[in-house]
Amino acid sequence: MMGAQAMNSTMSGQDVVSVYEAMVGITDQMLAAADASDWDRLAQLEHQCAACVRQLKASEALNQPLGAPERAKKAHAIRRMLDSDRKIRDLTQPWMARLSAMISNKTVERRIARAYGV
């Protein structure tokens with residue numbers, strides 16, 4: 001990430017592209033974490049990605065319009081992130097469904113236990 005640059009009021013077009021490219025790297029790591037079922041690492045990386053988004057939003061209104069080369073790089077980065085995001089969802093949705101079923105089963109177990117005084 002840009003560190004001190006993030007605190008400045010404006011970002012150059014290359015700074016913006018650099019943040020998007022950093023986000024691509026983070027989403028690639030997120031995909032690897034999801035593929036390895038490393039949910040804690042995935043959550044850590046999600047926080048890093050969110051920090052990049054906050055950085056972009058903070059400077060968004062002050063940015064100059066991107067030139068054609070920067071727009072193309074930004075669009076390419078966004079496409080790569082969306083591709084990784086789709087793959088991450090494909091990996092996490094079955095896990096989330098199992099987790100939801102486990103939580104639901106525990107809730108039912110508690111209700112039965114309360115109903116029958118077990």
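Under the side-chain contact (heavy atoms from CB on, under 4.5 Å) criterion, E21 pairs with V17, K73, sequence neighbours left out. Every residue meeting the salt bridge (Lys or Arg N to Asp or Glu O under 4.0 Å) condition with R86, not counting sequence neighbours, appears here in chain and number order: D83, D90. Under the side chain to side chain donor-acceptor pair (under 3.5 Å) criterion, D38 pairs with no residue, sequence neighbours left out.
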### Task
Dump the intermediate steps for salt bridge (Lys or Arg N to Asp or Glu O under 4.0 Å) on D28 and R80, then the final yes or no.
CA-CA 9 Å; D28 287 347; R80 286 185 57 198; 3.1 Å; yes
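Looking at every heavy atom in both residues, C49 comes nearest to T27 through SG-CG2, 4.3 Å. Closest non-hydrogen pair, G13 versus L66, comes out as CA-CD2, 3.4 Å. Here the closest non-hydrogen pair linking Y20 and A77 is CB-CB, 3.9 Å.
Residues M81 and D85 are not in side-chain contact: their nearest non-hydrogen atoms beyond the backbone lie 4.5 Å or more apart. Using a 4.5 Å heavy-atom threshold, the side chains of D35 and L91 count as touching. When side chains are defined from C-beta on, E70 does not count as touching V16, because their heavy atoms never get closer than 4.5 Å. Annotation: side chain of Q48 is not in contact with side chain of M30 (no heavy-atom distance under 4.5 Å). A heavy-atom distance below 4.5 Å is not found between the side chains of H76 and V24.
Here the straight-line distance linking atom CE of M23 with atom OG of S84 works out to 11.5 Å at 0.5 Å rounding. Atom CG of residue L42 and atom NE2 of residue H47 lie 10.0 Å apart, to the nearest 0.5 angstrom.
Side chains of S18 and D15: no donor on one and acceptor on the other come within 3.5 Å.
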